[in-house]
Amino acid sequence: MKLKALNGFKDILPGEVELWQGVETMARQIFTRFGFSEIRMPILEKTELFARSIGEATDIVEKEMYTFSDKQITMRPEATASLLRAYLEHGLHVQKPVQRLFTIGPMFRHERPQKGRLRQFHQMDAEVLGAESPLVDVELMSMGSMFLDQLGLSVTLELNSLGCPACRPAFREKLLAFIDARHEALCDDCQRRSATNPLRVLDCKNRNCRHQVEEAPSIQEHLCQECADHFQAVQQGLQQLNVDYSLNKFMVRGLDYYTRTTFEFITSDLGAQAAVGAGGRYDGLIERLGGPAIPGIGFALGLERLILLLQQKNETTLTSHCDLFIAGLGQAASSLAFSLVHTLRRNHLHVLMDLEDRGLKNQMKQANRAGAGHVLIIGEEELEKGQAILRNMVSQEQQMITLPGQIQDRQTTIDALLTIING
RNA sequence: GUGGAUGUAGCUCAGCUGGUGGCAGCACCUGGUUGUGACCCAGGAGGUCGUGGGUUCAAGUCCCAUCAUUCACCCCA
């Protein structure tokens with residue numbers, strides 16, 4: 001085979017698609033229950049939008065975006081930027097003070113693929129715009145937690161606060177001093193990071209670095225009064241709703257726009273890609289995009305990672321069931337079956353038949369594979385008498401059914417079939 | 001961008017120190033009952049051994065290159 005999908009791009013085949021649909025349905029149900037409305041945005045946006053929101057100096061913007069440079073447009077690497085653009089463009093912030101929005105769709109990042117990481121991947125995104133209350137943070141996390149729980153996945157919620165422009169600079173200085181004092185002991189990556197993004201050093205997986213950083217100053221102890229109060233209220237709210245969480249003073253974000261509350265849903269079952277979902281507050285972002293000073297918070301869940309977890313968890317024997325298979329033997333019977341199948345489909349039945357003139361044995365096999373509850377066998381002998389055999393594939397019982405002689409009689413047969421099959 | 005591993009049937013994989021590609025499993029087709037599925041039995045079809053070079057009398061097997069996949073680093077959902 002010469003033509004293949006691009007590296008990092010995957011087909012989702014029948015058998016797996018059902019799992020995706022299940023997850024998406026669950027998400028829509030639960031998000032709707034929390035008052036969220038779905039919004040869908042285009043995949044292409046002006047490159048500038050992502051540069052301004054995600055941050056010029058981030059890895060995503062620096063080297064991972066699929067950009068048509070001659071046109072200055074980019075395939076979205078995440079959803080928040082597009083969502084906020086749409087939110088401002090259509091004046092949603094004027095229509096309602098608080099908007100709860102979610103979206104599901106593909107994102108694109110040119111990274112080296114590995115387990116749980118693709119170049120085209122899918123995220124579910126939930127965002128609350130216009131609300132500053134810590135209870136909103138609590139509600140959002142509890143929603144994510146409820147969703148994952150309903151899927152039967154056990155993940156842990158980790159929580160941190162990144163402070164705000166008022167308190168973060170001071171902490172940054174203090175952290176830099178700490179890191180500089182241990183510069184020689186850190187790995188090459190961390191030495192580089194200490195210059196570009198010192199917060200990232202806290203997040204290094206190198207065991208030695210982790211050890212070095214154990215006593216590092218905690219952002220949680222350097223928050224300004226407002227941020228500290230907010231963080232405190234978030235924790236109280238989580239406790240009130242019995243949402244389990246643990247504090248992680250080392251958690252940082254890869255996108256520049258986060259402030260205050262940040263959180264991740266973590267699993268230990270996906271190898272290196274531990275985060276199935278992550279998000280946080282971004283109180284300055286809407287303003288940065290040219291809108292009014294409106295606070296916001298949101299999170300994204302990685303669909304591929306959820307699917308992997310679900311697949312690992314249980315053998316997904318999602319067998320499709322069809323109501324009826326019609327097996328016709330011979331030209332006349334097949335022809336009758338053909339129109340009967342069509343009519344039954346109009347009556348909302350899931351009906352199949354073979355169109356290749358195969359033998360009865362083969363047709364029975366097909367019916368079995370399709371998980372048919374009943375098979376209607378129209379043989380030549382029965383057809384002459386205006387009858388057919390209806391076989392219950394589970395109980396193996398068979399009964400004679402009268403076939404429609406005239407078009408007008410058809411409804412009688414349909415009704416009889418419907419009664420038996422649905423009954 | 002950097003490392004490691006792996007490319008044999010539609011899928012999962014055997015194939016030893018080079019000697020003609022596997023009665024291998026799943027799936028598929030046909031038959032075992034004139035016209036009855038799952039189970040069983042018999043048979044069948046299916047492959048330029050990723051690609052291109054090299055070594056050799058002889059390469060799926062050894063060497064080099066290349067492409068692809070994958071895991072990890074990095075980064076992130």
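Every chain is numbered from 1 and lettered A, B, ... according to where its sequence line falls, protein lines coming before strand lines. Only a predicted model underlies this, so the values are computations on that prediction, with no experimental measurement involved.
If you take CE of A:M141 and P of B:A77, they are 16 Å apart, rounded to a whole angstrom. When the P atom of B:C71 is taken as reference, atom CD of A:Q114 falls 7 Å away, rounded to whole Å. For the pair A:L308 CG and B:U70 P, the computed distance is 12 Å after rounding to whole Å. Spacing between atom CG of A:L310 and atom C1' of B:A77 amounts to 15 Å, rounded to whole angstrom units. Rounded to whole Å, the distance from CD on A:E111 to P on B:U70 is 14 Å. Whole-Å rounding puts the A:L329 CG to B:U34 C1' distance at 11 Å. Here the P atom of nucleotide B:U36 and the CD atom of A:E381 are 12 Å apart, to the nearest Å. Taking atom CG on A:L360 and atom P on B:G32, their separation rounds to 13 Å, with Å as the unit.
Within the 4.0 angstrom heavy-atom criterion, no nucleotide atom of any strand lies near A:E78. When heavy atoms are screened at a 4.0 angstrom cut-off, A:Q396 is found touching base atoms of the nucleic acid. At a threshold of 4.0 angstrom between heavy atoms, the contacts of A:E380 include nucleobase atoms, whether or not backbone atoms are also involved. Note on A:I377: a base of the nucleic acid sits closer than 4.0 angstrom, heavy atoms only. Counting non-hydrogen atoms under 4.0 angstrom, A:I54 reaches nothing in the nucleic acid. Across all strands, A:A275 comes closer than 4.0 Å only to sugar-phosphate atoms, never to a base (heavy-atom distances). A:I389 comes within 4.0 angstrom of a nucleotide base, judged by non-hydrogen atoms across all strands. Using a 4.0 Å heavy-atom distance criterion, A:G271 is classed as a sugar-phosphate-only contact. The residue A:K361 sits close to a base: some heavy atom pair falls under 4.0 Å. Looking at heavy-atom distances under 4.0 Å, A:Q398 makes contact with a base.
Of the P atoms belonging to B:A68 and B:C28, the separation is 34 Å, rounded to the nearest Å. Taking the P atom of each, B:C57 and B:U17 are spaced 22 Å apart, rounded to whole Å. Taking the C1' atoms as reference points, B:U70 lies 25 Å from B:A27, given to the whole Å. Nucleotides B:A58 and B:C67 place their C1' atoms 27 Å apart, quoted to the nearest Å. Only the P atoms considered, B:G37 is 11 Å distant from B:G32, to the nearest whole Å. Between B:A72 and B:G43, the distance separating the two C1' atoms is 48 Å to the nearest Å. The C1' atoms of B:G15 and B:A9 are separated by 14 Å, rounded to the nearest whole Å. Taking atom C1' on both B:C64 and B:A59, the two are 14 Å apart, rounded to the nearest angstrom.
The partner of B:U61 is absent, by the rule that a Watson-Crick or G-U pair needs both atom distances under 3.5 Å. Remark: B:C73 base-pairs with B:G1; criterion is Watson-Crick or G-U wobble with both hydrogen-bond distances under 3.5 Å. With a cut-off of 3.5 Å on both pairing distances, the Watson-Crick or G-U wobble partner of B:G7 is B:C67. Here B:C23 sits opposite no nucleotide as a Watson-Crick or G-U wobble pair (both hydrogen-bonding atom distances under 3.5 Å). Within the shown strands, B:C41 is the pairing partner of B:G31 under the Watson-Crick or G-U definition, both distances less than 3.5 Å.
Nearest-nucleotide assignment on RNA chain B puts the 5′-proximal partner with A:L270, out of A:L270 and A:Q123. Along RNA chain B, the nucleotide closest to A:E304 and the one closest to A:G359 are compared, and the more 5′ of them pairs with A:G359.
Considering every non-hydrogen atom in both A:F108 and A:F121, the closest pair reads N-CE2, 4.2 Å. Of all heavy-atom pairs spanning A:A79 and A:Q123, the tightest one is N-OE1, 4.3 Å. Of all heavy-atom pairs spanning A:R260 and A:C227, the tightest one is NE-SG, 3.3 Å. A:I326 and A:A337 make their closest contact through CG2-CB, 3.5 Å (heavy atoms, listed as atom of the first residue, atom of the second, distance).
Taking 3.5 Å as the limit, the base of B:C75 and the side chain of A:R117 contain a donor-acceptor pair of atoms between them. Counting distance only, with no hydrogens placed and no angle test, the side-chain atoms of A:R369 and the base atoms of B:C28 include no donor-acceptor pair under 3.5 Å. The base of B:G35 lies close enough to the side chain of A:E382 for a donor and an acceptor atom to sit less than 3.5 Å apart.
Between A:H230 and the options A:S133, A:C164, A:P134, a side-chain contact (heavy atoms from CB on, under 4.5 Å) holds for only A:P134.
Not one side-chain nitrogen or oxygen of A:N7 sits closer than 4.0 Å to the OP1 or OP2 atom of B:A68. In this model, the phosphate group of B:U70 is approached by a side-chain N or O of A:K10 to a distance below 4.0 Å at OP1 or OP2. Within the 4.0 Å cut-off from OP1 or OP2 of B:G37, not a single side-chain nitrogen or oxygen of A:N362 is found. Residue A:R112 places none of its side-chain N or O atoms closer than 4.0 Å to OP1 or OP2 of B:A72.
Checked against B:A38, B:C28, B:A77, the side chain of A:R305 finds its nearest nucleotide in B:A77.
Under the salt bridge (Lys or Arg N to Asp or Glu O under 4.0 Å) criterion, A:D323 pairs with no residue at all, not counting sequence neighbours.
With a 6.0 Å cutoff to the six-membered ring centre and a 45° limit on the axis angle, A:R182 counts as a cation-pi contact of A:F178.
Donor-acceptor pairing under 3.5 Å is recorded for the side chains of A:Y282 and A:E127.
The distance between the ring centers of A:F36 and A:F102 does not fall below 6.0 angstrom.
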